Amino acid sequence: MIRVRYAPSPTGSPHVGNIRTALFNYLLAKRYSGTFVVRIEDTDQTRKVPGALEDILDSLRWLGIEWDEGPERGGSHGPYFQSERLEIYRRHVDILLAAKRAYKCFCTPEELTEMREYQRINNLPTGYDRRCRFRSDDEVEALEASGKPYVVRLAMPLEGEIEFQDAIRGRVAFESRLLDDQVLLKSDGWPTYHLANVVDDYLQGITHVIRGDEWINSTPKHVVLYNSFGWNMPIFAHAPIIKGPDGAKLSKRHGDTRCLDYREKGFLSEAVANFIALIGWSPGDERELMTMSEMAEAFSVEGIQPNPGVFDITKLLWMNGHYIRSKSPEDLFDTVVSWHTSTTDEEYRGSEGCAALTAAIQSLPQEYVTEAFRLEQERVKLLSEFAEACRFFFVDEPEMDPQGVAKWFGQPYVGALLEKLEAEVAGRSTISAEDAEKIIDGVVVSLGLEKRAQAIHPTRVALTGKTFGPSLFELMALLGPERILLRLRRAAQFVPAAS
RNA sequence: GCCCCGGUCGUCUAGCGGUUAGGACAUCGCCCUUUCACGGCGAAGGUCGCGGGUUCGAAUCCCGUCCGGGGUACCA
C-alpha cells in the first residue's frame, strides 16, 4: 500500500509549480489506490502568512485534488500540523543525542556569519566547521548549565560518499566532507524542516516522496538521518522545476503564478490540472487532453522527465478553450455564472461586459443567457471572455464598430435592406433560425443582390455592431423580433444619407 | 567559489543502439463557411548544446567541454 504526501509550508499562496508537486503525488496515490496525505510544515513561525493555509487547501480543492488524511479531515497518523508535533521531534532528537548521532552546538549566529564570510573570501566550501562537535561531555554540560542557548546538529559522516537512488534521475551521490552538520533543532526548541520531514515521513508511513528539484541537495542529509535512526527510506523522486519564459524558476516576477490566480482569470480547473501535469510528465503515448482519472490511470514516476519545462500560457489558453467547448449548455451556464459572481479579478469586475452580464442574469430568462453563452462557446478561451463576447445580446444599444459600419453601410442598398428586414420582422412573435434564413434570402432576391453575404454582413453589423460572431440566423433567433426591430431602426441612423 | 541537476523544432514533449527523429501548442497556407471561431488537410520549423570516443551503427552508452537552472540558513 503506497502512501504519499504533499507537505507545503504556510508561507504564502501556492504557485503552480508547487501545486503540480501535489498533483503528481495525488496521481501516484490514485494510480495505486494508495493514500494521499497533506501535512502542513509550519515549523518556522516567523514566516507564517495569514491566509496561506486556506489558499493551500483551496487550491487543492479547486483542482480536484482530494486528500485522504490531513487538515480538516484528520486521519490515523495525525496530527497533520508540525506545530502540533513538537514533543515528537524533541523525543527523536534525544534519541540521536544519546546515540551521539547529533550534538549540541553553542555557536552564536554572529560567529556563524563570520565563519561563512571567511570561507567565501578564501573560496572554501561554505558550511559549519563543526567546532562544537568534539566538545567533551563535561564541557557541554557546563555550557548548558550556564544557560547558553544551543541548537542540535546532525553529526554527518566525515568521509566517504552518500548516495541514494532517485526514481527519476537514478543514482545521485555527494561527497560527505562537503556536507555540513545540519541544524536539527533550533534554539527556540522547534525542529528544522530536515528533522521534522524525516521523522514525519517515517512515522506517517510515507512510501514515496515526490518533491521539487530544489530538495535534491538536502536529500543526503535526510539519508543520514534515516540511517542514524535505523529507518528504511522512502523512494525519492525529484521532479524538475517549472520555469518562466526567461528560463528562470517561475516566480512572482513572471506575473500570475499563484495557482488561484488562474481561477480568478477565468481558467477551468480541469485545464490547469491537465496542463501543469504535462509540464514534466507524459503518459508515454501521444495523448494530451486528459481528465484527472485518465491521468491517474496512466501515471508513473518513470513518466516524469528530469529536465525543467517552461510554462507556456498560450498552450494553456488553447487547452482552456477545449474544455470550455466540451461543456453542455447547462454546465456552461452554471460554470460561467458562478465564476462571474465569485471572481475577484479587478479588471473583469470593472468591465462593461461584467456589468452587462450581471444585469442580464437578473433581468433576462436563464434560457436566453444560456443560449447566448452557447453561441459564443466555440470562440471563447477564458470564462472571463463570455461577458464581453455576449454583451451585444444583453444590452439594448450595442456599440457600433466604426470600421464595420464604414465597410458595409456605405453600400447603396443598405437603407433598403434595413427597411425590408424591418417589414419582414414586424408582426412576428418569434423567429426561428430557419425563419431568419428565409427572411434574408427573400430580401436578397427582392433587392436583386448577387450573394446573400451582401445582406448578411450589413445585417450582422446592424444587429450586433460587430463584423464577427455567431451564425447570423441563430443570433437572430435568440434576439427575437422585438430586439431585432429596435436595432434595425437604430442602425438606420448610421446609414449615410446618400444611400 | 564549491556542490548537485539538466540540455530533442520558438514552447510542451515521444524516443531509451538501427525511426524519413513522431505528436501537441504557436506560425503560415488551403478546405469548410454569412464573418470570426471551431473542425479538417497541408507546410515550414530540429547540425537531438558542442567535441571526442565505444560500436558495423548513436538523440540513445562513456569522457570532456559549454550553457542553463538549483542548492550552499537556527527558511521551507
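These figures come from a predicted structure and were not determined experimentally.
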>> Going by purine N1 to pyrimidine N3 plus the second Watson-Crick contact, or the G-U wobble pair, all under 3.5 Å, which nucleotide sits opposite B/G68?
In response: B/C5
>> Checking side-chain polar atoms at under 3.5 Å, does A/D200 have a donor or acceptor matched by the opposite partner on A/Q82?
In response: yes
>> Does a side-chain N or O of A/S471 approach OP1 or OP2 of B/U34 to a distance below 4.0 Å, or not?
In response: no
> When the ring planes of A/F373 and A/F333 are compared, do they come out parallel, tilted or perpendicular, using 30° and 60° as the limits?
Replying inline: tilted
> What is the base-pairing partner of B/U33, counting Watson-Crick and G-U wobble geometry with both distances under 3.5 Å?
Replying inline: none
> For the residue pair A/H222 and A/H194, does the interplanar ring angle fall in the parallel (under 30°), tilted (30 to 60°) or perpendicular (over 60°) class?
Replying inline: tilted
>> Under 4.0 Å, heavy atoms only, any strand: does A/S187 hit a base, just the sugar-phosphate, or nothing?
In response: base
> Rounded to whole angstroms, how far apart are CD on A/E214 and P on B/G70?
Replying inline: 10 Å
>> Just the rounded figure in Å: distance from P of B/C25 to CG of A/D312.
In response: 12 Å
>> What's A/V151 touching, base or sugar-phosphate or nothing? Going by heavy atoms closer than 4.0 Å.
In response: base
> Any Lys/Arg nitrogen of A/K186 or A/D188 sitting under 4.0 Å from an Asp/Glu carboxylate oxygen of the other?
Replying inline: no
> Within the structure shown, what part of the strands sits under 4.0 Å from A/P470 by heavy-atom distance: base, sugar-phosphate, or nothing?
Replying inline: base
>> Once you apply a heavy-atom cut-off of 4.0 Å, does A/L472 come out as touching a base, just sugar-phosphate, or nothing?
In response: base
> In whole Å, what is the span from the NZ atom of A/K148 to the P atom of B/C74?
Replying inline: 15 Å
> Does the pair A/R374/A/E474 count as a salt bridge with the N-to-O cut at 4.0 Å?
Replying inline: yes
>> Any base atoms under 4.0 Å from A/F473, or only sugar-phosphate, or nothing? Heavy atoms, all strands.
In response: base
> Is the shortest side-chain N/O distance from A/K315 to OP1 or OP2 of B/G23 below 4.0 Å?
Replying inline: no
> When all nucleic acid strands are considered with a 4.0 Å heavy-atom cut-off, which category describes A/T467: base, sugar-phosphate, or nothing?
Replying inline: base
> Taking NZ, NE, NH1 and NH2 as the nitrogens, is one of them in A/D213 or A/R169 under 4.0 Å from a carboxylate oxygen of the other?
Replying inline: yes
>> Just to be sure I understand the rule, does A/V380 reach a base, reach only the sugar-phosphate, or reach nothing, if contact means heavy atoms closer than 4.0 Å?
In response: nothing
> At under 4.0 Å between heavy atoms, what does A/I241 touch on the DNA or RNA strands: base, sugar-phosphate, or nothing?
Replying inline: sugar-phosphate
> Reckon A/G127 touches a base, only the sugar-phosphate, or nothing at all at heavy-atom distances under 4.0 Å?
Replying inline: nothing
> For A/T43 and B/C75, is the shortest distance between a side-chain N/O and OP1 or OP2 below 4.0 Å?
Replying inline: no
> Quick one: the side chain of A/E288 and the base of B/G23, do they pair up donor-acceptor inside 3.5 Å?
Replying inline: yes
>> Looking at the base of B/C38, is there any donor atom on it, or on the side chain of A/R325, that sits under 3.5 Å from an acceptor on the other one?
In response: no
> Paired with B/A58: which nucleotide, if any, by Watson-Crick or G-U wobble criteria at under 3.5 Å for both distances?
Replying inline: none
>> Counting distance alone, no hydrogens or angles: does the base of B/C5 have a donor or acceptor under 3.5 Å from a partner atom on the side chain of A/R169?
In response: no
>> Measure CG/A/D285 against P/B/U13 and give the value in whole Å, please.
In response: 15 Å
> Is A/W190 touching bases, backbone alone, or none of the nucleic acid, heavy atoms closer than 4.0 Å?
Replying inline: nothing
> Taking any strand in view, what nucleotide pairs with B/C25 in a Watson-Crick or G-U wobble way, both distances under 3.5 Å?
Replying inline: B/G10
> For A/L317 and B/A37, what is the distance between atoms CG and P respectively, to the nearest whole Å?
Replying inline: 15 Å
>> Salt bridge or not between A/E424 and A/K438? Use side-chain N to carboxylate O under 4.0 Å.
In response: no
>> Just to be sure I understand the rule, does A/A7 reach a base, reach only the sugar-phosphate, or reach nothing, if contact means heavy atoms closer than 4.0 Å?
In response: nothing
>> Does the plane of the ring in A/Y226 sit parallel, tilted or perpendicular to the ring in A/F236? Use 30° and 60° as the thresholds.
In response: perpendicular
>> Below the 4.0 Å mark, does B/A73 have OP1 or OP2 next to a side-chain nitrogen or oxygen of A/R116?
In response: yes
>> Check the phosphate of B/A14 against A/R287, side-chain N and O only, distance under 4.0 Å to OP1 or OP2. Yes or no?
In response: no
>> I need the CD1-P distance between A/I279 and B/U11, as an integer number of Å.
In response: 13 Å
>> When you measure only distances, ignoring hydrogens and angles, does the side chain of A/N217 come within 3.5 Å of the base of B/G70 through a donor and an acceptor?
In response: yes
> Roughly how many Å is it from CG in A/D188 to C1' in B/C75, rounded to a whole number?
Replying inline: 12 Å
> In whole Å, what is the span from the CD atom of A/Q182 to the C1' atom of B/C74?
Replying inline: 9 Å
>> Any side-chain N or O of A/K249 below 4.0 angstrom from OP1/OP2 of B/G68?
In response: no
> Which part of the nucleic acid, if any, lies within contact of A/G247, taking any heavy atom under 4.0 Å across all strands shown: a base, the sugar-phosphate backbone alone, or nothing?
Replying inline: sugar-phosphate
> Contact class for A/P308 vs. all strands (heavy atom < 4.0 Å): base, sugar-phosphate, or nothing?
Replying inline: sugar-phosphate
> Applying a 3.5 Å limit to both distances, which nucleotide forms a Watson-Crick or G-U wobble pair with B/U20?
Replying inline: none
>> Please tell me if A/R452 has a side-chain N or O lying less than 4.0 Å from either OP1 or OP2 of B/U34.
In response: yes
